[in-house]
Amino acid sequence: MGHNLETRSFLDEVRSFDNAGVLFDLGHPLLNRMAGSFVTAAGIGAVQAVSREACFTALERETNRNSVEALVCLLVRVARLCNYGYMLMKIMALLVTSTGKESLQWGLAAGMYSGLTFGLKEARGVHDWKNSAVAGAITGATLALTSDDSSQHQIVQFAITGAAMSTAANLLTGIF
């Protein structure tokens with residue numbers, strides 16, 4: 001792997017990010033960590049949303065769908081019947097909107113969790129399961145608040161789930 005940018009491939013550039021540990025240099029480790037986590041998780045959320053929509057469209061099932069998915073399927077059927085490009089553009093606009101929303105939620109959750117764990121580690125001077133539990137609970141509650149119809153029960157459920165998952169991940173890190 002050469003140091004000359006002209007001879008380095010894209011794969012070499014990506015590998016150098018892994019060695020550096022950060023994707024961005026925003027001047028502070030907290031900002032670097034939050035931005036890197038946001039971008040990584042937003043990309044994962046976008047891929048997940050697009051693949052889910054493609055799967056639902058391919059299978060064309062009517063059960064267990066939310067309103068956006070049902071609307072997309074309806075528009076696909078109308079576009080097939082009418083064969084208009086305008087309808088296909090509307091379908092793509094809905095797909096982009098739902099994908100953008102989901103990738104933003106994933107990115108915000110990862111950035112918030114990463115920032116909270118870093119901040120708690122710096123404030124307490126130790127990184128343990130307690131930091132993970134608090135960061136997971138706050139992130140879970142915030143994620144519940146971003147849903148369309150959040151209730152008090154759902155916020156508490158997401159907070160407990162986030163705390164449990166992040167604590168388990170922290171405790172299992174040393175095992176695997």
Are the side chains of T139 and L116 in touch, meaning some heavy atoms are under 4.5 Å apart? yes
Within the side chain of S37, is there an N or O that forms a donor-acceptor pair under 3.5 Å with the backbone of M34? no
Looking at every heavy atom in both N131 and V126, which two are closest together, and how far apart are they? ND2-O, 2.6 Å
Which pair of non-hydrogen atoms, one from Q105 and one from L143, has the smallest distance, and what is that distance? O-CD1, 4.2 Å
Find out if a path of hydrophobic residues (ILVMFWY) with successive side-chain heavy-atom gaps under 4.5 Å connects V134 to Y113. no
Do I138 and F158 sit in the same hydrophobic cluster, where Ile, Leu, Val, Met, Phe, Trp and Tyr count as joined when their side-chain heavy atoms come under 4.5 Å apart? no
What are the two closest non-hydrogen atoms of T117 and R33, and how far apart are they? OG1-NH1, 4.4 Å
Would you confirm whether T167, through its side chain, and A164, through its main-chain N or O, come within 3.5 Å as a donor-acceptor pair? no
Tightest non-hydrogen contact, residues F118 and P29, listed as CZ-CB, 3.6 Å
Is the shortest heavy-atom distance from the side chain of W106 to the side chain of T40 under 4.5 Å? no
Identify the heavy atoms of A133 and A163 that sit nearest to each other, and give their distance. O-CB, 3.4 Å
Checking D128 against N170 for the side chain to side chain contact (heavy atoms under 4.5 Å, CB included) test, could you report, in this order, the C-alpha distance in whole Å, the side-chain angles of both residues, the deciding distance, and whether it holds? CA-CA 7 Å; D128 59 0; N170 185 303; 5.8 Å; no
To the nearest 0.5 Å, tell me how far L31 CG sits from F38 CZ. 13.5 Å
Say whether, by atom type as modelled, one donor and one acceptor occur between the side chain of S114 and the main chain of A110 under 3.5 angstrom. no
List the steps, then state whether side chain to side chain contact (heavy atoms under 4.5 Å, CB included) holds for L108 with T146. CA-CA 10 Å; L108 287 174; T146 63; 5.6 Å; no
For A144 and S150 the tightest heavy-atom approach is O-CB, 3.1 Å
Quick check against the 3.5 Å criterion: does S166 have a side-chain atom that pairs as donor or acceptor with the backbone of S132? yes
